[in-house]
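Report on the following structure.
Whatever order the structure lists ligands and atoms in, that order sets their numbers, starting from 1. Here the structure is a predicted model, which is why all the values come from computation and not from measurement.
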Amino acid sequence: MALLDIKELSTGYGDLQILRNINIEIEKGEIVALLGSNGAGKTTLMRTIVGLNRIWKGDVFMDGQRLTNASSTKIVSSGVSIVPEGRRLFAGMTVTENLEMGAYCNRKNIKEKIERIFDFMPRLRERKNHLAGDLSGGEQQMCAIGRALMNEPKILLIDEFSLGLAPTIVDSLVEIVHRINQEGVSVFIVEQDVQLVLDMSVRAYVMEIGEITLSGASKDLMNDPKVKEAYLGM
Ligand code: ATP
């Protein structure tokens, strides 16, 4: 079984169905992209995986463990961390305090973990006593990634990876994600810049109006006429 296995998942808000029969498998060590236009349901899927939306039908398994409608605490404890859309840092808390918040399900060796994250992203060490609300966009995204790493995840979900960030900042964040991945962490990433995310990932899924309509190797999707027309403006 895959590390993260999503089977026939459907969900929505109130009576409104958003996701229909989603099947996604992510193996250990993979970087996998989720593409789709605005409102397709990508954020809804990410939130559903971490238990913030109720699953109507279908299942989520992590490492063979069924997590369907489990509590977020149980899901996070199983090794799933999220860097949410908009980062959702605690603006009035310092960088260090934000990192500490990321350890709420995994409280072992907090100081050592923070030091490791600072070694990984030295910019955060320089900013450790600054309020998260005072950081630049790129620093905030680093802080959100660092907070997610405090859980020592097996898979990192990243929603809207580069939104609003300057290209040079994005380059350094891409390198950070590759380094995290090289340590064995799988990554499932939502990103509007399709060229960027197809370059970063090994496989990708395309979501349209709540359904997966296409999937495959990222290098193949880059040459797929539908992807080229809809997402790469060719
Ligand atoms: P974007 O790239 O714009 O963030 P997305 O692919 O992430 O888009 P979602 O944010 O998951 O899409 O939204 C999917 C659909 O669900 C949209 O039609 C949206 O209006 C609707 N939706 C999202 N959140 C809610 C909510 N809390 N209540 C009701 N409908 C919602």
Would [X] and [Y] count as having a side-chain donor-acceptor pair, cut-off 3.5 Å?
X: N21; Y: E211; answer: no
X: T43; Y: D159; answer: yes
X: T213; Y: E208; answer: yes
X: S201; Y: S218; answer: yes

Find the distance between [atom1] ([X]) and [atom2] ([Y]) and round it off to the nearest 0.5 Å.
X: I158; Y: I31; atom1: CD1; atom2: CD1; value: 8.5 Å
X: Q65; Y: T68; atom1: CD; atom2: OG1; value: 10.5 Å
X: M142; Y: R127; atom1: CE; atom2: CZ; value: 10.5 Å

Looking only at protein heavy atoms, identify the closest one to [atom] and say how far it is in Å.
atom: atom 10 (O) of ligand 1; answer: T43 CB, 3.6 Å
atom: atom 8 (O) of ligand 1; answer: G39 N, 2.7 Å
atom: atom 4 (O) of ligand 1; answer: E85 OE2, 3.2 Å
atom: atom 30 (N) of ligand 1; answer: Y13 CD1, 3.3 Å

I want to check something: taking the side chain as every heavy atom from C-beta on, are Y231 and L198 in contact at a cut-off of under 4.5 Å?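 Not touching, per the 4.5 Å side-chain cut-off.
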
Review point. Are L149 and S81 close enough that some pair of their side-chain heavy atoms sits under 4.5 Å apart?
Key: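 No, side chains not in contact.
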
Discussion item. As a test of the contact definition, would atom 6 (O) of ligand 1 count as having a protein heavy-atom neighbour under 4.0 Å?
Written reply: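 Given the 4.0 Å cut-off, atom 6 (O) of ligand 1 counts as touching protein heavy atoms.
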
I'd like to know if [X] contacts ligand 1, where contact means a heavy-atom distance under 4.0 Å to any ligand atom.
X: R47; value: no
X: M46; value: no
X: Q192; value: yes
X: G210; value: no

>> Polar contacts were defined as any N/O atom of the residue lying under 3.5 Å from an N/O atom of the ligand; does this apply to L16 and ligand 1?
In response: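 Among all N and O atoms of L16, none is under 3.5 Å from an N or O of ligand 1.
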
query = Looking only at distance, does I18 have an N or O less than 3.5 Å from an N or O of ligand 1?
reply =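 No, since none of the N or O atoms of I18 sits under 3.5 Å from an N or O of ligand 1.
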
For [X], take its heavy atoms, then give the atoms of ligand 1 lying under 4.0 Å from any of them.
X: E160; result: 2 (O)
X: A40; result: 5 (P), 6 (O), 12 (O)
X: G41; result: 5 (P), 6 (O), 9 (P), 11 (O), 12 (O), 14 (C)
X: S37; result: 6 (O)

The one among N53, D159, T48, T44 that brings a heavy atom closest to atom 11 (O) of ligand 1:
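Going through N53, D159, T48, T44 one by one, T44 has the nearest heavy atom to atom 11 (O) of ligand 1.
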
Check your understanding: Side chain, backbone, both or neither: which part of N38 has a heavy atom under 4.0 Å from ligand 1?
Key ->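 The answer is both.
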
message: Between R125 and E115, does any side-chain N to carboxylate O distance fall below 4.0 Å?
response: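 Salt bridge between R125 and E115, a charged N being under 4.0 Å from a carboxylate O: yes.
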
Practice item. Considering only NZ, NE, NH1 and NH2 on the basic side and carboxylate oxygens on the acidic side, decide whether R107 and E100 come within less than 4.0 Å. Key: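 E100 and R107: not salt-bridged.
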
